[in-house]
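Convention: sequence-line order gives letters A, B, ...; per-chain numbering from 1. The structure presented is a predicted model; accordingly, all values stated were derived computationally and were not measured.
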Amino acid sequence: MLRMSTLFLRTLRDDPADAEVPSHRLLVRAGYIRRIAAGVYSWLPLGVITLRNIENIVRDEMDKAGFQEVHFPALLPKDAYEVTGRWNDYGPDLFRLQDRKGADYLLGPTHEEMFTLMVKGEYSSYKDLPLALYQIQTKYRDEARPRSGIIRGREFVMKDSYSFDLTDEGLVESYMRHRAAYIKTFDRLRMKYNIVSAVSGAMGGSASEEFLAPCETGEDTYVLCEKCGYAANVEAMTTVVAASDASGVAALEVFDSPNTPTIDTLVGLLNAKFGGGYDGSMTLKNVMLMADKTPISVLVPGDREVDLKRLQANLAGVNDISVFEEADFAKFPGLLKGYIGPQDAKKNGITVYADPRIAPGTSWVTGANAKDKHARNVVSGRDFTVDQYVEAAQIKQGDACPKCETPVIIDRAIEIGHIFQLGRKYADALGLTVLDQNGKSQVVTMGSYGIGVSRAVAAIAEQSYDEIGLSWPVEVAPAKVHVVATGKEDVVFETAEKISADLEARGISVMIDDRRGTSPGVKFKDAELIGIPVIVVVGKALEQGNVEIRVRKSGDKSEVAVASAVDFIAGLLPTLS
RNA sequence: CGGGGCGUAGCGUAGUGGCUAGCGCGCCUGCUUUGGGAGCAGGAGAUCGGGAGUUCGAAUCUCCCCGCCCCGACCA
């Protein structure tokens with residue numbers, strides 16, 4: 001039983017000046033966490049209990065799914081990370097340090113290497129697979145910009161698991177098992193979330209999905225179709241394009257277009273010159289980029305920007321993309337800034353990438369590769385060739401869902417889980433092989449799965465707070481019932497103690513506000529701020545032999561006889577989900 | 001890393017060259033109060049982020065450094 005008379009807790013009346021997002025503000029005000037450095041937080045008793053509750057739900061669901069818990073140190077020697085190249089690849093985000101002998105160590109940002117080596121050390125037969133291991137552990141990443149309190153810290157608690165299979169089909173099964181376990185976990189945490197397709201990024205591998213908890217302060221943007229439920233990370237969204245037929249389009253026509261360096265000015269001229277009807281989406285924008293020092297051209301409709309994140313995610317094998325600078329243009333005299341068209345790309349030796357909207361047979365207005373000249377009736381496949389199609393254009397609210405063509409919405413969310421099929425990258429690098437049925441050595445294929453446990457504290461808070469404070473789901477809250485004793489008569493406190501003890505005897509965790517001499521207003525405000533789901537007020541109503549039972553989230557109040565209070569609460573709790 | 005803002009007691013803040021750095025919350029003591037962050041009285045608590053400089057005099061002006069927050073870049 002938590003006793004407020006002795007609990008190590010001081011709530012704050014004012015919002016801390018350095019906290020902006022609601023979860024951060026309220027977790028600090030209500031005495032769950034305190035900041036130590038940028039992105040580094042201490043946990044006070046209420047915070048520790050809440051974090052443990054979430055951790056235990058995660059652990060329970062992992063165990064039920066048949067995954068086995070192990071534990072690695074956060075402090076790791078660099079060896080394994082050198083073999084996979086991540087000692088360097090991870091860059092400045094890696095916390096590196098040296099021991100007294102000068103040997104290099106790191107604080108683990110994620111543990112693929114260690115899991116792979118652990119399995120390699122113990123297993124060597126296909127008969128031992130499939131296998132799935134997990135840990136709940138503190139991770140360290142020296143983020144360039146920690147933010148939003150506990151949502152993006154430099155030290156955080158993560159559950160990470162890894163599956164090991166002989167075959168690709170086995171990996172898919174392991175992946176689906178994890179997916180199912182995650183669904184159960186997040187449902188139990190009472191989180192609202194969407195499972196969205198993701199691009200697997202720098203880690204390599206194929207299929208990948210993110211669990212995103214929608215909320216205004218989230219830092220991830222994703223696309224959602226409210227009709228069919230399609231959800232995708234912006235990087236993974238695909239474009240649907242109707243077939244085009246250009247057989248009726250007139251021949252390419254070059255026209256004078258002085259002073260039209262931008263799409264807007266070009267559209268203005270088109271409408272003046274050719275009697276209206278033109279808009280930005282009918283023009284073709286040629287964006288010149290450097291992809292790992294190779295010049296490329298990316299074609300997108302004029303009313304859209306190139307989304308560099310999308311482009312990079314969808315261009316396999318390219319590490320760095322940057323926009324053309326003056327010095328780059330200088331190297332290609334054939335490229336006239338503002339008047340570039342794809343018609344002469346071959347001549348200039350430039351590879352042409354295009355958004356799927358630039359499908360064969362579509363007709364465009366674009367630059368004529370001559371000063372103050374544009375061209376119309378420029379047909380894809382007829383007047384220029386696209387070397388490769390790539391998802392490159394920015395996504396807009398209202399774009400067509402790739403499944404059902406309903407306009408999609410764009411929403412923000414916090415990433416709370418990520419699952420993906422890693423493949424053989426790490427097993428290959430570290431030599432994790434087993435003998436198959438034929439006695440032949442086979443590289444194991446892996447999956448990698450993460451849940452941000454400390455981040456979940458913030459994500460749940462973000463989804464359930466209101467103007468007066470936090471409001472936790474029953475299973476997550478630091479206690480299920482908050483018993484508040486108001487008044488100065490001993491009988492009030494005795495009754496509160498009795499109810500609390502009876503609840504605990506029924507397995508219902510309680511926080512009791514047994515502070516003497518604290519005014520009722522203070523106790524009510526604290527209870528509302530702390531956010532325990534059921535508040536029992538022992539006070540005024542006691543004259544009629546009653547207590548007042550309040551539901552934090554809905555504000556519902558009922559008066560119940562002291563004798564039946566415990567039964568009432570026991571019946572109430574399961575309905576609060 | 002680029003842009004912006006900020007740093008005064010545990011928290012929130014006032015103080016733009018001049019006396020002992022002010023106020024609210026919180027904390028301590030006493031009395032009163034007890035259903036919505038109580039009242040009165042008394043009290044403790046501050047190297048004004050750090051260093052150097054200008055000045056008779058610096059929280060206040062100058063320079064350097066450190067830290068924090070926000071936007072962006074970045075982020076298995």
Side-chain angles (χ1 to χ4, degrees), chain A residues 9-21 24-25 28-31 34-40 81 84-86 89-94 108-113 115 139-149 151-154 156 158 160-162 198-205 208 210 217 219-220 235 308-309 312-313 319-323 415 417-420 422 425-426 446-452 455 468-469 484-489 492-493 513 515-529 535 537-543 547-548 550 557:
Chain A
L9 170 73
R10 195 102 306 161
T11 57
L12 305 177
R13 201 173 288 209
D14 301 305
D15 283 335
D18 62 359
E20 202 137 301
V21 301
H24 186 199
R25 237 178 52 224
V28 171
R29 263 192 71 198
R34 293 287 182 258
R35 194 182 61 75
I36 293 296
V40 182
Y81 288 78
T84 56
R86 288 211 287 185
D89 294 350
Y90 223 96
D93 281 12
L94 193 63
T110 171
H111 283 72
E112 279 80 4
E113 284 83 352
F115 274 87
K139 307 284 188 199
Y140 296 87
R141 291 180 199 175
D142 193 1
E143 297 278 355
R145 182 149 104 77
R147 75 186 88 176
S148 308
I151 294 177
R152 185 175 202 78
R154 294 192 295 172
F156 56 97
M158 177 168 165
D160 53 327
S161 30
Y162 303 88
V199 175
S200 15
M203 297 268 320
S208 167
E210 289 171 357
T217 49
E219 49 181 358
D220 286 31
E235 283 94 312
L308 289 179
K309 265 176 115 170
Q312 172 135 32
N319 293 318
D320 183 58
I321 295 180
S322 57
V323 294
E415 180 184 343
H418 194 171
I419 54 178
F420 64 100
L422 249 191
K425 177 178 171 183
Y426 289 90
M446 295 170 56
S448 161
Y449 317 91
I451 291 179
R455 177 180 279 183
I468 54 176
V484 177
T486 68
K488 54 182 174 181
E489 294 78 22
V492 169
F493 286 85
D513 195 340
R515 291 176 290 180
R516 296 267 184 166
T518 300
S519 74
V522 170
K523 292 184 173 184
F524 294 149
K525 293 283 187 202
D526 275 347
E528 286 148 0
L529 180 60
I535 299 168
V537 181
V538 184
K540 278 267 167 75
L542 201 55
E543 285 167 29
V547 294
E548 186 181 316
R550 304 180 183 175
K557 299 179 185 180

Check: Which base, if any, makes a Watson-Crick or G-U wobble pair with B/rA46, both distances under 3.5 Å?
Finding: none
Notebook entry, point to check: Just checking A/Ala541: base, sugar-phosphate only, or nothing, at a heavy-atom cut-off of under 4.0 Å?
Noted result: base
Note to self: Rounding to an integer number of angstrom, what distance separates B/rG50 and B/rU33 when you compare their P atoms?
What the structure shows: 46 Å
Check: When the ring planes of A/His111 and A/Phe115 are compared, do they come out parallel, tilted or perpendicular, using 30° and 60° as the limits?
Finding: perpendicular
Margin query: Return the pairing partner of B/rG67 with a 3.5 Å limit on both distances, Watson-Crick or G-U wobble; otherwise return none.
Written below: B/rC6
Notebook entry, point to check: Between B/rC68 atom P and A/Asp18 atom CG, what is the distance in whole Å?
Noted result: 10 Å
Check: How far, in whole Å, is B/rA44 from B/rC64 if one measures between their P atoms?
Finding: 41 Å
Next item on the list: Tell me which nucleotide among B/rU34, B/rG35, B/rC70 gets nearest to the side chain of A/Glu20.
Entry: B/rC70
Checklist line | Spacing of A/Glu143 atom CD relative to B/rC1 atom C1', expressed in whole Å | finding: 14 Å
Item checked: Complementary nucleotide of B/rG57, counting Watson-Crick and G-U pairs under 3.5 Å -> none
Next item on the list: Using the P atom on both, measure B/rG10 against B/rG49 and round to a whole Å.
Entry: 13 Å
Margin query: Quick check on B/rG36: is either OP1 or OP2 less than 4.0 Å from any side-chain nitrogen or oxygen of A/Lys525?
Written below: no
Check: Is A/Arg145 near enough to B/rC1 that one of its side-chain N or O atoms lies under 4.0 angstrom from OP1 or OP2?
Finding: no
Notebook entry, point to check: How is A/Ala17 classified with respect to the nucleic acid when contacts are heavy atoms under 4.0 Å: base, sugar-phosphate, or nothing?
Noted result: sugar-phosphate
Next item on the list: Report the distance from atom CG of A/Leu529 to atom P of B/rG26, rounded to the nearest whole Å.
Entry: 14 Å
Note to self: Under a 3.5 Å distance rule, please check whether A/Arg29 uses its side chain to pair with a backbone N or O of A/Leu12 as donor and acceptor.
What the structure shows: yes
Note to self: Let's test this: given Watson-Crick or G-U wobble pairing with both distances under 3.5 Å, identify the partner of B/rG24.
What the structure shows: B/rC11
Check: Is there a side-chain contact between A/Val537 and A/Arg550 (heavy atoms, below 4.5 Å)?
Finding: yes
Next item on the list: Check every atom of B/rG12, B/rU34, B/rC68 against the side chain of A/Pro520 and return the nucleotide holding the closest atom.
Entry: B/rU34
Checklist line | Spacing of A/Arg25 atom CZ relative to B/rC69 atom P, expressed in whole Å | finding: 16 Å
Checklist line | Sidechain-backbone polar pair: A/Lys523 side chain, A/Arg515 backbone, donor-acceptor under 3.5 Å | finding: yes
Check: Using purine N1 to pyrimidine N3 plus N6-O4 or O6-N4 for Watson-Crick, or N1-O2 and O6-N3 for G-U wobble, both under 3.5 Å, which nucleotide pairs with B/rA73?
Finding: none
Next item on the list: Give one of base, sugar-phosphate or nothing for A/Asp15, where a contact means two heavy atoms less than 4.0 Å apart.
Entry: sugar-phosphate
Margin query: Over all strands shown, is A/Glu548 touching base, sugar-phosphate only, or nothing at heavy-atom distances under 4.0 angstrom?
Written below: base
Margin query: I need the CZ-P distance between A/Phe524 and B/rU34, as an integer number of Å.
Written below: 15 Å
Next item on the list: With a 3.5 angstrom cut-off on both distances, give the Watson-Crick or G-U wobble partner of B/rG35, or none if there isn't one.
Entry: none
Margin query: Please pick, from B/rC69, B/rC74, B/rG35, the nucleotide with the shortest atom-to-atom distance to any side-chain atom of A/Arg35.
Written below: B/rC69
Checklist line | Distance, C1' atom - from B/rG30 to B/rC66, rounded to whole angstrom | finding: 45 Å
Check: Would one find a side-chain N or O of A/Ser519 under 4.0 angstrom from OP1 or OP2 of B/rA38?
Finding: yes
Check: CZ of A/Arg515 versus P of B/rG36: gap in Å, rounded?
Finding: 16 Å
Next item on the list: Quick one: label A/Ser148 by what it contacts on the DNA or RNA (base, sugar-phosphate, nothing), any heavy atom closer than 4.0 Å.
Entry: sugar-phosphate
Checklist line | Check: A/Ser208/A/His418 side-chain N/O donor and acceptor closer than 3.5 Å | finding: yes
Check: Which part of the nucleic acid does A/Ala37 contact within heavy-atom distance under 4.0 Å: base, sugar-phosphate only, or nothing?
Finding: sugar-phosphate
Next item on the list: For A/Asp220 and for A/Gly487, find the nucleotide of RNA chain B with the closest heavy atom, then tell me which residue's nucleotide is more 5'.
Entry: A/Gly487
Notebook entry, point to check: Taking CZ from A/Arg10 and P from B/rG10, how many angstroms apart are they, rounded to a whole number?
Noted result: 14 Å
Notebook entry, point to check: Which of these nucleotides, B/rG24, B/rA38, B/rG35, is closest to any side-chain atom of A/Val522?
Noted result: B/rA38
Check: In whole Å, what is the span from the NZ atom of A/Lys309 to the P atom of B/rG72?
Finding: 10 Å
Margin query: Please report the distance separating the P of B/rA9 from the corresponding atom of B/rA46, rounded so that it comes out in whole Å.
Written below: 10 Å
Notebook entry, point to check: Where each residue is assigned the nucleotide of RNA chain B containing its nearest heavy atom, which of A/Gln312 and A/Pro146 is assigned the position nearer the 5′ end?
Noted result: A/Pro146
Notebook entry, point to check: Is A/Arg455 reaching over with its side chain to a backbone N or O of A/Glu415, donor-acceptor style, under 3.5 angstrom?
Noted result: yes
Note to self: Regarding A/Arg86 and A/Glu112, does a basic nitrogen lie under 4.0 Å from an acidic carboxylate oxygen?
What the structure shows: yes
Notebook entry, point to check: For B/rC40, what is the paired nucleotide under Watson-Crick or G-U wobble rules, both distances under 3.5 Å?
Noted result: B/rG30
Notebook entry, point to check: Rounding to the closest angstrom, what is the interatomic distance between B/rC6 and B/rG53 at atom C1'?
Noted result: 24 Å
Checklist line | B/rG36 base / A/Arg550 side chain donor-acceptor hit below 3.5 Å | finding: yes
Check: Checking all strands, does A/Glu528 fall into the base, sugar-phosphate, or nothing category for heavy-atom contacts under 4.0 angstrom?
Finding: base
Checklist line | Donor-acceptor pair between A/Asp142 and A/Tyr140 side chains, under 3.5 angstrom | finding: no
